[in-house]
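The structure under discussion appears below in the form of structure tokens.
First the proteins, then the strands, lettered A, B, ... as listed; each starts at 1.
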Amino acid sequence: GAVVSQHPSRVICKSGTSVKIECRSLDFQATTMFWYRQFPKKSLMLMATSNEGSKATYEQGVEKDKFLINHASLTLSTLTVTSAHPEDSSFYICSAGTSGRFQYFGPGTRLTVT
Amino acid sequence: AQSVTQLDSHVSVSEGTPVLLRCNYSSSYSPSLFWYVQHPNKGLQLLLKYTSAATLVKGINGFEAEFKKSETSFHLTKPSAHMSDAAEYFCVVSLGTGNQFYFGTGTSLTVIP
């Protein structure tokens, strides 16, 4: 089956610094990639949708200057949390979609901002 | 517009007894429906999916779900709960265009020994 990886799986950073999370589709080309955020004991919240080579579409309430998304190729999307603060601490999950009605989810990245 | 509602935020069952996790959806289009499981501090694992084929869908680990259009439901069931089934379960609906997924709020399943 299709595999999506995320790197790193866990990251701790200091307040004010930026951190980049990578999402890769390992054995298929993803026309669309999605970024979700999950708070403890909560459901997944869609942050943004990105198509290769074009700007990401952000959901209402998500700061695009805070959460920079780059989808440089059909197998790689990155999420950069800029000037991170403790309230940005969360579990970030990416997924990759193809032409069908399906998304393949990555294992998630646990971000802790101290 | 479409949305998905998981009717129970918590379900508790005894080991060996049946599991029922309820999900209702609303969609203007013919939906695709999914159930995912998430164990603590882990990613999502697909249990099963409905994509307009057979209405009774069998998934992994003995789970199954039935798509009932008249009731707009997609409830998840398992005949006999196992301790390892304790986790968070998400019902998800998807449209054909844009691949966008809409997540329910989740149901936390506790299995009592």
Side-chain angles (χ1 to χ4, degrees), chain A residues 1-10 21 23 25 28-52 54 56-60 71 77 89-112, chain B residues 1-11 21 23 25 27 29-53 57 59-60 67 74 86-110:
Chain A
V3 178
V4 174
S5 70
Q6 280 185 244
H7 178 78
S9 57
R10 290 177 177 270
I21 302 169
C23 176
S25 55
F28 67 101
Q29 293 187 326
T31 52
T32 309
M33 285 188 169
F34 304 84
W35 287 96
Y36 296 85
R37 181 174 180 176
Q38 186 179 30
F39 291 99
K41 299 189 185 298
K42 297 290 185 184
S43 187
L44 277 71
M45 179 189 79
L46 179 65
M47 298 174 67
T49 303
S50 72
N51 293 295
E52 183 261 343
S54 60
T57 301
Y58 290 82
E59 295 298 302
Q60 192 172 8
H71 193 162
S77 177
S89 299
S90 197
F91 194 50
Y92 292 89
I93 302 175
C94 75
S95 69
T98 59
S99 56
R101 291 185 180 184
F102 199 67
Q103 295 179 22
Y104 299 92
F105 286 87
T109 296
R110 174 76 60 193
L111 170 63
T112 303
Chain B
Q2 63 177 12
S3 68
V4 56
T5 303
Q6 291 184 244
L7 298 159
D8 307 296
S9 58
H10 294 91
V11 169
L21 304 183
C23 174
Y25 69 92
S27 176
Y29 303 88
S30 180
S32 291
L33 293 156
F34 310 86
W35 275 99
Y36 284 86
V37 62
Q38 185 179 35
H39 290 274
N41 298 309
K42 298 291 185 182
L44 297 173
Q45 180 182 19
L46 177 67
L47 282 177
L48 48 83
K49 60 182 178 181
Y50 166 78
T51 55
S52 76
V57 181
I60 62 171
F67 173 70
F74 190 59
E88 189 80 17
Y89 291 79
F90 294 100
C91 181
V92 180
V93 63
S94 174
L95 269 182
T97 56
N99 291 12
Q100 193 161 46
F101 274 22
Y102 297 87
F103 278 78
T105 50
T107 298
S108 177
L109 176 65
T110 299

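A donor-acceptor pair under 3.5 Å is absent between the side-chain atoms of A:S43 and the main chain of B:G106, judged by distance alone.
Around NE2 of A:H7, the count of heavy atoms belonging to other residues, nucleotides or ligands within 6.0 Å does not exceed 12.
Residues passing the side-chain contact (heavy atoms from CB on, under 4.5 Å) test with A:F39 are A:R37, A:K42, A:S90, sequence neighbours excluded. Evaluation of the ring pair (Phe, Tyr, Trp, His ring centres under 6.0 Å) rule for B:Y50 yields B:F67 as partners, not counting sequence neighbours.
Ring geometry for B:F101 against A:F105 counts as tilted: the plane angle lies between 30° and 60°, on a 0 to 90° scale.
Within the model, atoms CG of B:L46 and OH of A:Y104 stand 9.5 Å from one another, a figure rounded to the nearest 0.5 Å.
Smallest separation of non-hydrogen atoms from B:Y36 and A:Q103: OH-O, 3.6 Å. Minimum heavy-atom separation, B:K42 to A:F91: O-CE2, 3.7 Å.
Aromatic rings of B:F103 and A:Y36 (six-membered ring for Trp) have centroids within the 6.0 Å cut-off, being under it.
Of the listed residues (A:Q38, A:Q6, A:R110, A:K41), the greatest number of heavy-atom pairs within a distance under 4.5 Å of chain B belongs to A:Q38.
With a 4.5 angstrom heavy-atom cutoff, B:Q38 touches chain A only via side-chain atoms.
Residues A:L44 and B:L44 meet the side-chain proximity criterion, which asks for heavy atoms closer than 4.5 Å.
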